[in-house]
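What you see below is based on every heavy atom in this structure, not just the backbone, and it leaves out hydrogens, waters and symmetry mates. Naming convention: chains lettered A, B, ... in sequence-line order (proteins, then strands); numbering from 1 in each chain. Here the structure is a predicted model, which is why all the values come from computation and not from measurement.
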There are 2 protein chains.
Amino acid sequence: MIRRTQAERSDETTGRLVRAARELFGAHGYAPTSIDAVAAAAGATKGAAYHHFGGKLALFRAAFVAEQEEVAAALERIPASESDIWAALRRGCRTLLEHCLDPGFRQIVLLDGPSVLGWETVREIEYAHTLRVLLGGLELAAAGGQMADGDLPVRAQLVFGALCEGGMLLARSADPAADLPRIAAEADRFLEAFRL
Amino acid sequence: MIRRTQAERSDETTGRLVRAARELFGAHGYAPTSIDAVAAAAGATKGAAYHHFGGKLALFRAAFVAEQEEVAAALERIPASESDIWAALRRGCRTLLEHCLDPGFRQIVLLDGPSVLGWETVREIEYAHTLRVLLGGLELAAAGGQMADGDLPVRAQLVFGALCEGGMLLARSADPAADLPRIAAEADRFLEAFRL
DNA sequence: GAAGTTACGTACCATCAGTATGAATCATGG
DNA sequence: CCATGATTCATACTGATGGTACGTAACTTC
């Protein structure tokens with residue numbers, strides 16, 4: 001038997017559990033996915049899951065956070081590659097829209113998240129990831145005198161809501177590649193409303 | 001024993017069931033609310049619920065539709081009271097935002113709806129109620145030459161998504177009366193983006 | 001290497017969605 | 001008005017599952 005530290009054991013088990021949770025919750029939704037199924041997919045048992053996580057909800061929360069981290073990371077890579085702030089904002093919107101083509105993201109973040117975790121918790125997590133990056137972009141534009149004054153956090157939240165709906169539309173599309181520009185165009189006009 | 005027609009018996013029972021479903025699903029959410037609890041609150045038993053509805057999901061769907069009908073009705077009363085189409089649109093946004101102060105609406109329509117019914121079903125129902133009225137307003141503005149061309153259904157969907165997020169923000173606010181104007185102002189600018 | 005802690009598996013319980021079945025209520029043809 | 005059939009609903013039951021209790025194995029510390 002190989003000898004590992006407790007930390008290594010924990011990390012590997014929790015990692016496998018979260019990965020399995022993302023897969024199963026993402027593919028079938030929260031309610032139809034049993035803890036036993038997640039544990040089995042992770043090569044463990046319910047006992048391990050309940051040892052490392054408070055319950056099914058905590059496991060889902062971990063999957064939700066993982067999804068958020070992934071999108072936030074993708075969004076944060078943008079600014080460097082774009083010249084001006086408005087190009088970066090538009091690119092960010094497209095990135096978010098495209099990310100909605102991932103079924104796991106849609107199911108966990110957009111569909112089940114609010115119902116399972118509650119809106120407050122969802123917002124708190126998003127505010128530390130996706131919304132943080134988006135709001136950062138708006139603040140940057142405002143600081144550069146390129147965006148109308150106003151309540152930027154509210155503005156970010158509204159833009160985010162619009163983009164999520166757009167993402168669901170996109171995912172539902174029979175030809176996402178063809179529809180992305182049309183949806184992105186509408187979203188862009190939303191942003192342009194605040195451009196100076 | 002009073003003698004009633006079958007239709008009367010059915011209508012009263014289903015009506016009480018849907019009313020109880022709206023109350024309990026709205027107050028505690030879908031998952032924590034049992035069919036037995038709904039049936040008991042309606043003065044009936046699970047048998048009646050399963051006779052009139054396909055299952056828990058169908059009962060929730062009925063509650064969801066009832067919520068939608070209520071908002072759609074409120075929105076449809078607006079045009080008559082406003083002079084021009086843009087005033088009506090702005091008023092409609094405020095109405096939708098204010099409706100989000102109702103906890104039952106938030107829980108059933110905004111939080112649980114997508115998770116329980118799936119996005120396709122939710123959109124289908126909304127397209128027959130709330131979204132229909134909203135889209136109708138946009139089309140009216142476009143027909144009057146007062147709105148920029150574009151994909152109006154997509155536009156309506158995005159506006160709707162933004163308003164729902166705004167509504168959740170409003171509900172979370174410590175002082176909704178004070179925050180409504182600020183949120184509505186941001187939402188109005190969204191709309192103005194498309195004004196000609 | 002002994003004692004204590006952490007990680008995990010297994011057996012069990014309570015709850016609840018859904019089903020089966022039968023009884024009560026109502027409709028309808030004779 | 002009664003007999004037969006359909007509809008409405010209540011009750012008893014089953015299976016699945018989230019969560020708990022407890023025991024064992026792996027690791028850590030002294």
Side-chain angles (χ1 to χ4, degrees), chain A residues 1-21 23-25 27-64 108 112 115-118 121, chain B residues 1-25 27-64 108 112-113 115-118 121:
Chain A
M1 182 66 66
I2 55 174
R3 187 168 179 88
R4 296 175 301 172
T5 70
Q6 295 280 55
E8 281 169 347
R9 280 217 300 170
S10 281
D11 287 354
E12 179 170 344
T13 303
T14 55
R16 281 210 308 261
L17 281 170
V18 171
R19 227 172 304 138
E23 268 180 40
L24 295 187
F25 286 147
H28 311 116
Y30 180 76
T33 302
S34 71
I35 294 254
D36 282 313
V38 172
T45 64
K46 187 154 54 169
Y50 273 91
H51 176 69
H52 290 290
F53 298 91
K56 192 182 183 184
L57 196 139
L59 193 49
F60 177 84
R61 186 195 165 102
F64 184 95
I108 293 176
D112 286 335
S115 175
V116 174
L117 300 173
T121 302
Chain B
M1 183 66 65
I2 55 172
R3 188 169 180 89
R4 297 174 301 172
T5 70
Q6 297 279 53
E8 283 169 346
R9 279 217 301 170
S10 282
D11 287 353
E12 178 169 344
T13 303
T14 55
R16 282 211 307 260
L17 281 170
V18 172
R19 227 172 306 138
R22 281 182 73 176
E23 268 180 40
L24 296 186
F25 287 147
H28 311 116
Y30 179 76
T33 302
S34 71
I35 294 256
D36 282 311
V38 172
T45 64
K46 187 154 55 171
Y50 273 91
H51 176 70
H52 290 290
F53 297 91
K56 192 182 182 184
L57 196 138
L59 192 51
F60 177 83
R61 187 194 163 102
F64 184 95
I108 293 176
D112 286 336
S115 175
V116 173
L117 301 171
T121 302

> Can you measure B/H52 atom NE2 to C/dT25 atom C1' for me and round it to whole angstrom units?
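From B/H52 NE2 to C/dT25 C1': 12 Å.
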
> Working to the nearest 0.5 angstrom, can you tell me the gap between A/L57 CG and A/Y30 OH?
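Answer rounded to 0.5 Å: 4.5 Å.
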
> Roughly, in whole Å, what's the span from CZ in A/R4 to C1' in C/dT6?
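Checked: the CZ to C1' distance equals 13 Å.
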
> Do A/T13 side-chain atoms and A/S10 backbone N/O form a donor-acceptor pair below 3.5 Å?
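Between the backbone of A/S10 and the side chain of A/T13 there is no qualifying donor-acceptor contact (under 3.5 Å).
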
> Please round to the nearest 0.5 Å and tell me the distance separating atom NE2 of A/H52 and atom CG of A/L17.
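Rounded to the nearest 0.5 Å, the NE2-CG separation comes to 7.0 Å.
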
> Once you apply a heavy-atom cut-off of 4.0 Å, does A/T14 come out as touching a base, just sugar-phosphate, or nothing?
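Nothing, no nucleic acid heavy atom in range.
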
> Let me know the distance between CZ of B/F25 and C1' of C/dA17, rounded to the nearest Å.
11 Å

> Going from OG1 on A/T45 to NE2 on A/H51, what distance comes out if it is rounded to the nearest 0.5 angstrom?
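The distance works out to 11.5 Å.
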
> For the pair made of CG in A/D11 and P in D/dA26, what is the distance, rounded to whole Å?
19 Å

> State, to 0.1 Å, how close B/D112 and A/S115 come at their nearest heavy-atom pair, and which atoms those are.
OD1-OG, 2.6 Å

> A/R16 has an atom CZ; how far is it from atom P of C/dC8, in whole Å?
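Answer to the nearest Å: 8 Å.
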
> Would A/R19 and A/E23 pass as an ion pair if we require N to O under 4.0 Å?
no

> Output the rounded distance in Å from CD (B/E8) to C1' (D/dT8).
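Rounded to whole Å, this separation is 14 Å.
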
> Just the rounded figure in Å: distance from C1' of D/dT17 to OH of A/Y30.
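So the OH-C1' distance, A/Y30 to D/dT17, works out to 12 Å.
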
> Give a yes/no on whether any side-chain N or O of B/T13 is located under 4.0 angstrom from OP1 or OP2 of D/dC9.
yes

> Quick one, which residues of residues 39-49 of chain B touch DNA chain D with a heavy atom under 4.0 Å?
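Nucleic-acid contacts, sorted: B/A44, B/T45, B/G47, B/A48.
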
> Please name the pair of heavy atoms, one in B/K46 and one in B/I35, separated by the smallest distance, quoted to 0.1 Å.
CG-CG2, 3.7 Å

> By nearest heavy atom, map A/A7 and B/Y50 onto DNA chain C; which one lands nearer the 5' end?
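Between the two, 5'-proximity favours A/A7.
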
> Rounded to the nearest 0.5 Å, how far apart are CG of B/L59 and CZ of B/F25?
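Nearest 0.5 Å value for the CG-CZ distance: 5.0 Å.
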
> Might you list the N or O atoms of the protein lying below 3.5 Å from N or O atoms in nucleotides 1-7 of chain D, with each pair's distance?
none

> Send over the distance from A/K56 NZ to D/dA16 P, rounded to a whole Å.
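My rounded result for the distance is 15 Å.
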
> Before you tell me yes or no, could you show the steps for B/F60 and B/T33 under side chain to side chain contact (heavy atoms under 4.5 Å, CB included), namely the whole-Å CA-CA distance, both residues' side-chain angles and the distance that decides it to 0.1 Å?
CA-CA 10 Å; B/F60 177 83; B/T33 302; over 6 Å; no

